[in-house]
Engineer: 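Below is a structure I'd like to ask you about.
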Amino acid sequence: LAPSEGRPRRAVAVSGPAAAPAAGATVRIGDRDTAGNWLLTLRVHGLPPLPADGYYEMYLTNKGRIVAGCGAFKADPGTTVVRFDVPFRLSEYSGWLIRREQPHRRPGPALLTT
């Protein structure tokens, strides 16, 4: 984390199922800002290459079901760090999921989950 972000309140490991066995990530949950948004820092590695118009999307889940989007990102072949601000009460969700997306196509399988 950058020094201005302080220490994370907690970190959650996110691992790859069969669709991306070499992938892994950590979501660091920072403090809430004055508006009530949580600062999330995602550090991800090993995601499969994307088509030119593709991107990854991170979601919050509840009992394995996607219930809220956190944001979209692209990733380098190595390690990528992405920061999101989300207004959700994180205690109301049971996990995280990252999957590949492409405009006008069905979403890809879960690549990383908790």
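Residues take their numbers from the sequence shown, with the count starting at 1.
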Engineer: Apply side chain to side chain contact (heavy atoms under 4.5 Å, CB included) to the pair W96 and L60, showing each step before the final yes or no.
Structural biologist: CA-CA 5 Å; W96 305 85; L60 285 164; 3.4 Å; yes

Engineer: Tell me whether V67 is reachable from L90 by hopping between hydrophobic residues (I, L, V, M, F, W, Y) whose side-chain heavy atoms are closer than 4.5 Å.
Structural biologist: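 Yes; V67 is reachable from L90 via cluster members.
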
Engineer: Just to verify, what does F73 make a ring-ring contact (aromatic ring centres under 6.0 Å, His included) with, not counting sequence neighbours?
Structural biologist: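 Expected list: Y56.
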
Engineer: Where is the tightest heavy-atom contact between G64 and S94, given as atom of each residue plus distance?
Structural biologist: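 The pair with the smallest heavy-atom distance is N-OG, 4.4 Å.
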
Engineer: For the side chain of H45 and the backbone of G24, is there at least one donor-acceptor N/O pair under 3.5 Å apart?
Structural biologist: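 Pair found, side chain donor or acceptor close to backbone of G24.
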
Engineer: I need the minimum non-hydrogen distance between G46 and A23, along with the two atoms involved.
Structural biologist: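 Shortest heavy-atom contact: O-CB, 3.5 Å.
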
Engineer: Indicate the atoms forming the closest heavy-atom contact of Y55 with P103, along with that distance.
Structural biologist: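 Closest approach of Y55 to P103, heavy atoms only: CE2-CD, 4.2 Å.
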
Engineer: Minimum heavy-atom separation for V27 and M58, please, with both atom names.
Structural biologist: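 Minimum heavy-atom contact is CG2-SD, 4.1 Å.
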
Engineer: Of the non-hydrogen atoms in A75 and L47, which two are nearest, and what is the gap between them?
Structural biologist: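 Smallest interatomic distance, heavy atoms only, reads CB-CD1, 4.2 Å.
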
Engineer: Which pairs, with at least one residue in residues 67-82 and sequence neighbours excluded, count as a side chain to side chain donor-acceptor pair (under 3.5 Å)?
Structural biologist: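 For residues 67-82: none.
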
Engineer: Which ILVMFWY residues are connected to L97, directly or by a chain of links, through side-chain heavy atoms under 4.5 Å apart?
Structural biologist: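 Other cluster members: Y59, I66.
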
Engineer: What verdict does the side chain to side chain contact (heavy atoms under 4.5 Å, CB included) test give for I98 and L42, after you've listed the backbone C-alpha separation in whole Å, the side-chain angles of each residue and the deciding distance to 0.1 Å?
Structural biologist: CA-CA 11 Å; I98 295 172; L42 171 68; 4.0 Å; yes

Engineer: Which heavy-atom pair separates F88 from G69 by the least distance, and what is that distance?
Structural biologist: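 Heavy atoms only, the tightest pair is CE1-O, 3.4 Å.
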
Engineer: For G95, does its backbone N or O pair with a side-chain atom of T61 as donor and acceptor, under 3.5 Å?
Structural biologist: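 Side chain of T61 to backbone of G95: a pair is present.
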
Engineer: If the condition is side chain to side chain donor-acceptor pair (under 3.5 Å), which residues does D33 pass it with, not counting sequence neighbours?
Structural biologist: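 Partners of D33 by the side chain to side chain donor-acceptor pair (under 3.5 Å) criterion, ordered by chain and then number, come out as N37.
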
Engineer: Which pairs pass salt bridge (charged side-chain N to carboxylate O under 4.0 Å, His left out) with one or both residues in residues 96-107, sequence neighbours excluded?
Structural biologist: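 The answer is R99-E101.
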
Engineer: When rounded to the nearest 0.5 angstrom, what distance separates OG1 in T41 from CZ in F84?
Structural biologist: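 One finds 9.5 Å between OG1 of T41 and CZ of F84.
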
Engineer: Looking at residues at least two apart in the chain, or sitting in another chain, which of them share a side chain to side chain donor-acceptor pair (under 3.5 Å) with Q102?
Structural biologist: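 If we apply the side chain to side chain donor-acceptor pair (under 3.5 Å) test to Q102, skipping adjacent residues, the hits are D53.
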
Engineer: Evaluate the criterion side chain to side chain contact (heavy atoms under 4.5 Å, CB included) for residue pair R83 and V81; output intermediate values, then yes/no.
Structural biologist: CA-CA 7 Å; R83 289 174 179 78; V81 177; 3.7 Å; yes

Engineer: With sequence neighbours excluded, give me every salt bridge (charged side-chain N to carboxylate O under 4.0 Å, His left out) pair touching residues 56-68.
Structural biologist: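 Passing the test, one end in residues 56-68: no pairs.
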
